[in-house]
Amino acid sequence: MRFQPVNPDTSWAALHTMYLAATGGGKSQAVLQNPDIPWKQKTARIVMWDQAGDYPGLHCDTRAGFVKHLRAGIAGGCGFRVAFSGPATVENFEWWCEVVWSILDGNHLTYIIAEELSEVCPTPGKATPNAAVLLNQARKYGGRFHGTSQFPQEVAKTFYRNCTLKFIGQQMGDDMCKKMAREIGLQAADVAALNPLEFYRHDGTAKKPEIVHLKYKRKTGVKWAA
């Protein structure tokens, strides 16, 4: 892999997104049903951190396999959906972030999907170095980040600062309802009233968040490889 993205383009919109909800709240469904991510477009470039197989694409449980299939997808020039599904360790996530950073190309949008950020944030302060670079600088090379977590209090502040869009779903406990309500300018009671598959979508502006009602859709197209 090369370790420097190419073709910077500062005109790409700042649309990094976080999805925060308790287990069963529908985070992966919100990602799958977000119209910003062209899951059905064959030319889309989608790279994932997905140990559970929540998203369609080729899932590789080794580093070598992930790099091999990612290289093949890029060389083919027809888009790709490749996930690393090995152990969810901080070390592996740092390596994954470095690889993703290295394949960005400002001439193309690359959708970056990361499941359960709390597992790879050692502290709720600053993100680890490669993750911070990816969040802080990916936009100008066409990187568009989408990350989820069921434990928002454990996610590094770097993710909050760089994700303009937030989907806030069902939370567990009064404290989390209050914290998430503050993030999007609502009352804790508004968040507490959410049901599974219901989210407040906040675009980072002063506008009132809109509520999104989803319906469960079966996950298909998940493949596994070494």
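As a basis for the values below, the full set of heavy atoms in this structure was taken, side chains included, without hydrogen atoms, waters or symmetry mates.
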Not counting sequence neighbours, which residues clear salt bridge (Lys or Arg N to Asp or Glu O under 4.0 Å) with [X]? List them please.
X	answer
D9	none
K215	none
D54	K219

Could you tell me which residues satisfy side chain to side chain contact (heavy atoms under 4.5 Å, CB included) with [X], sequence neighbours excluded, listed by chain and number?
X	result
D190	L186, Q187, Y200
E94	T128, P129, N130, A131
L58	C60, H69, K223, A225

Note: with side-chain heavy atoms under 4.5 Å as the link, the other cluster members for L165 come out as L15
Taken in chain and number order and not counting sequence neighbours, the residues that satisfy side-chain hydrogen bond (donor to acceptor under 3.5 Å, both in side chains) with Q153 are none
Residue pairs meeting salt bridge (Lys or Arg N to Asp or Glu O under 4.0 Å), one or both in residues 126-141, sequence neighbours left out, come to none
So the side-chain hydrogen bond (donor to acceptor under 3.5 Å, both in side chains) pairs with at least one residue in residues 166-180 (sequence neighbours excluded) are none
### Query
Do the side-chain N and O atoms of N92 and R63 include a donor-acceptor pair separated by under 3.5 angstrom?
yes
### Message
With no hydrogens and no angle check, just 3.5 Å: does a side-chain donor-acceptor pair link Y19 and N34?
### Response
yes
Looking only at atom types and distance, does a side-chain atom of W39 sit under 3.5 Å from a main-chain N or O of V31, one as donor and one as acceptor? yes
Test item: W96 side-chain N/O and M48 main-chain N/O as donor-acceptor pair under 3.5 Å
yes
Please list, one pair per line, the donor and acceptor atoms closer than 3.5 Å that link side chains of residues 114-123 to other protein atoms, with sequence neighbours excluded.
| unit_1 | atom_1 | unit_2 | atom_2 | d |
| --- | --- | --- | --- | --- |
| E115 | OE2 | Y55 | OH | 2.5 |
| E115 | OE2 | T148 | OG1 | 3.1 |
| E116 | OE1 | Q150 | N | 2.9 |
| E116 | OE2 | S118 | OG | 2.4 |
| E116 | OE2 | S149 | OG | 2.8 |
| E116 | OE2 | Q150 | N | 3.3 |
| T123 | OG1 | G125 | N | 3.2 |

ring-ring contact (aromatic ring centres under 6.0 Å, His included) filter on F199, not counting sequence neighbours, yields none
Counting only heavy atoms from other residues, nucleotides and ligands, does the tally under 6.0 Å from CD of E91 exceed 12? no
